[in-house]
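A short write-up of the structure that comes next.
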Amino acid sequence: MRRRLAVLLASLAVWAQVWPPVSGEPPAGHDHRHKPKVDHPFDDVEKWVAVFDAADRDAWQKPAEIPAAIGLKEGMAVADIGAGTGYLERFFAAAVGPAGKVYAADIEPKMVAYMTERAVREGTPQVAPILSLPDDPRLPDAGVDIVFI
């Protein structure tokens with residue numbers, strides 16, 4: 001458990017170097033200030049695909065740089081907690097390769113179904129969507145090298 005916490009903290013430290021975007025602010029129209037409690041549902045997949053997979057997201061968030069920044073390597077297993085639409089999974093899958101594993105955990109059943117379809121569509125069989133619980137990501141007991149939240 002201590003190793004996982006250390007890896008998570010290290011991942012967050014590296015992520016802080018990647019975020020915020022070069023301009024220091026998300027692009028106009030992106031308001032990332034949220035209330036401490038999520039009070040909107042995520043069951044409207046089409047709505048959230050438009051938000052999470054917006055055409056400009058690659059430019060300001062640089063998802064292709066995240067795997068290297070958090071130390072992903074071929075054959076590793078990564079867990080993406082709160083994976084949403086699975087936007088990052090193709091980048092993680094490319095980094096861990098066919099021998100690796102990407103656990104894409106989310107609590108919304110429709111998002112998990114979408115991620116399952118997306119993995120097939122994108123040809124990333126190492127992506128394993130997981131229907132999580134709010135207090136349990138339902139990850140395997142062993143075998144996760146990095147947890148991305």
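FYI, the numbering just counts along the sequence from 1.
Ala104 and Val127 make their closest contact through CB-CG1, 4.3 Å (heavy atoms, listed as atom of the first residue, atom of the second, distance). Considering all non-hydrogen atoms of both residues, Thr116 and Pro129 come closest at OG1-CG, 3.5 Å. Across all non-hydrogen atoms, the minimal contact from Ala77 to Gly143 is CB-O, 2.8 Å. Nearest heavy-atom pair across Phe148 and Ile66 is CE1-CG2, 3.8 Å. Here the closest heavy-atom approach between residue Ala128 and residue Lys101 is recorded as CB-CE, 3.8 Å. Contact between Phe91 and Ala64 at its shortest, heavy atoms only, is CD2-CA, 3.6 Å.
A distance of 8.0 Å separates CD in Glu89 from CZ in Arg118, rounded to the nearest 0.5 Å. To the nearest 0.5 Å, atoms CD1 (Ile107) and CD1 (Ile81) are separated by 11.5 Å. If you take CG on Leu88 and CG on Asp80, they are separated by 5.5 Å, rounding to the nearest 0.5 Å. To the nearest 0.5 Å, atoms CD1 (Ile146) and CG (Leu72) are separated by 4.5 Å.
Hydrophobic clustering of Ile, Leu, Val, Met, Phe, Trp and Tyr side chains at less than 4.5 Å, counting indirect connections, keeps Val120 apart from Val112.
Proximity of a side-chain donor or acceptor of Arg90 to a complementary backbone N or O of Thr124 within less than 3.5 Å is not detected. Asp145 places no side-chain N or O within donor-acceptor distance of the main-chain N or O of Val78, the cut-off being under 3.5 Å. Using modelled atom types, no side-chain atom of Arg138 and backbone atom of Leu133 make a donor-acceptor pair closer than 3.5 Å. For the pair Gln126 (side chain) and Val102 (backbone), a donor-acceptor distance under 3.5 Å is absent.
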Q | Working for side chain to side chain contact (heavy atoms under 4.5 Å, CB included), residues Thr85 and Met115 | A | CA-CA 6 Å; Thr85 62; Met115 285 190 288; 5.6 Å; no
